There are 2 protein chains.
Amino acid sequence: MRLSSLADYAVVMLTAAARSCGTARLNATLLAEQTGVPLPTAQKLVSRLSAAGLLESARGTGGGVRLSRPPSAITLADIIEAVEGPIALTTCVDLERHDCALDGHCQVKPHWGIVNEAVRGALASVSLARLASLPSSDHRAAMPVMAVAEVLN
Amino acid sequence: MRLSSLADYAVVMLTAAARSCGTARLNATLLAEQTGVPLPTAQKLVSRLSAAGLLESARGTGGGVRLSRPPSAITLADIIEAVEGPIALTTCVDLERHDCALDGHCQVKPHWGIVNEAVRGALASVSLARLASLPSSDHRAAMPVMAVAEVLN
DNA sequence: GCCAATCGGACCGAACTGGTCCGATTTGAG
DNA sequence: CTCAAATCGGACCAGTTCGGTCCGATTGGC
């Protein structure tokens, strides 16, 4: 239940990119300096985010990267999936590889899809624009969460 | 963003335990047979779940385990935390070890706590009793999720 | 036409997960 | 009271994925 450091770094880097959106052309070196992410790791992430379509890259001298969409149209779920692959709490909800040992008579399997979508939805509701803004002063530690149970039969 | 197989197995085993709650005394061997989880793994999980207080164990001949609380009072979050440890998407929300390389000037850090609580809340809203029941016929693939963004500043 | 700067992919070591096994402990029967 | 069976509990080991580093391919400017 912990997301990889690469995904964490990617969020930090894209947040920094969103702040200077449009103002300057960005590259891996600059993002690494602004965020503190090690340069080689930043390079790898730039590659992966470009391949996923979140960044548009230009090679050669004076090249670099920029957000391919406005920050409000990029969500946490997008970033995580770009770095880690599809969000799938269990292997059985991953459409690609449904190789679960208990597959046949598993009574829980039908529920995982719902739970997975709930978590994914929570992440998809957070936009990069929101993450780039400074936090408000009135954090409510505990938040009212929609009842997954209500749709879980 | 994928939870460990052990956590998955634990959910399946506890779901099976909830079905035969009160009817029979359970042990690791029985749960392994009913669920298909390999016996040694089931034993390990029984240990861990007992240590976490979700199962009450009795040793010796005729011993075994049983749920320490009614299934409605056990949530997915409880099970996952019992097996994997605290739910912490990033290291910086883990109160124990906040050793993040970017700790000093990370602009995203304030937001992670909110997102983490949202995900945790989603998992905490699913009870074991709900998982043990058969799924309804009208699955709604996409579910309305509360807007995390609304509390994120 | 050459050079410099940038992205893209391949390689390697380390940490964790998952699986297996054996010992410690307790109860029930004889 | 002693023995023995059955159970939980923890230690050990292999496999895999993750994280980090490096070098080559490509492009645009001079």
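Numbers restart at 1 for each chain; the letters A, B, ... are given by sequence-line order, proteins then strands. The structure displayed is predicted, hence computed values, not measured ones.
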Report yes or no: does D94(A) contribute a side-chain atom to a donor-acceptor pair with the main-chain N or O of A88(A) at less than 3.5 Å?
no
Check whether any side-chain N or O of H111(A) sits under 3.5 Å from a backbone N or O of S133(B) as a donor-acceptor pair, and report yes or no.
yes
Can you check nucleotides 24-26 of chain C for protein contacts, nitrogen or oxygen pairs under 3.5 Å, and list what you find?
from: dA24(C); atom 1: N3; to: R59(B); atom 2: NH2; distance (Å): 3.3
from: dT25(C); atom 1: O4'; to: R59(B); atom 2: NH2; distance (Å): 3.0

So if I take residues 39-53 of chain A and measure heavy-atom distances to DNA chain C, which residues fall below 4.0 Å?
K44(A), S47(A), S50(A)
Among dC7(C), dT17(C), dT21(D), the nucleotide that comes nearest once only the side chain of V65(A) is considered
dC7(C)
Using a cut-off of less than 4.0 Å, is there contact between a side-chain N or O of S57(B) and OP1 or OP2 of dG9(D)?
yes
Is it the case that the side chain of S127(A) and the backbone of I74(A) share a donor-acceptor pair, with hydrogens and angles ignored and the cut-off at 3.5 Å?
no
Among the nucleotides dC8(D), dT17(C), dC7(C), whichever has the atom closest to the side chain of A28(B) is dC8(D)
For L30(B) and dA6(D), what is the distance between atoms CG and P respectively, to the nearest whole Å?
15 Å
Compare all side-chain heavy atoms of T75(B) with those of V126(B) and state whether any distance is below 4.5 angstrom.
no
In whole angstroms, how far is the P atom of dG9(D) from the CG atom of N27(B)?
13 Å
Within this structure, what is the CG-to-C1' distance between L3(B) and dG18(C), rounded to whole angstrom?
14 Å
Rounding to an integer number of Å, can you tell me how far R2(B) CZ sits from dC18(D) C1'?
14 Å
Can you check the L31(A) CG to dT6(C) C1' distance for me, whole Å?
13 Å
Rounded to whole Å, how long is the line connecting atom CD of E84(A) with atom P of dT16(D)?
21 Å
Give me each pair satisfying salt bridge (charged side-chain N to carboxylate O under 4.0 Å, His left out) with a member in residues 40-66 of chain A, each pair once, sequence neighbours excluded.
E56(A)-R66(A)
Expressed as a whole number of angstroms, how long is the span from R66(B):CZ to dT7(D):C1'?
17 Å
Determine yes or no for a side-chain-to-main-chain donor-acceptor pair under 3.5 angstrom, with D78(A) supplying the side chain and A124(A) the backbone.
no
In whole angstrom, give the distance that lies between atom CD of E33(A) and atom P of dT6(C).
11 Å
E84(A) side chain to S4(A) backbone, donor-acceptor under 3.5 Å:
yes
Is the shortest side-chain heavy-atom distance between R2(A) and T90(B) below 4.5 Å?
no
Would you mind reporting whether T35(B) and Y9(B) have side-chain heavy atoms less than 4.5 Å apart?
no
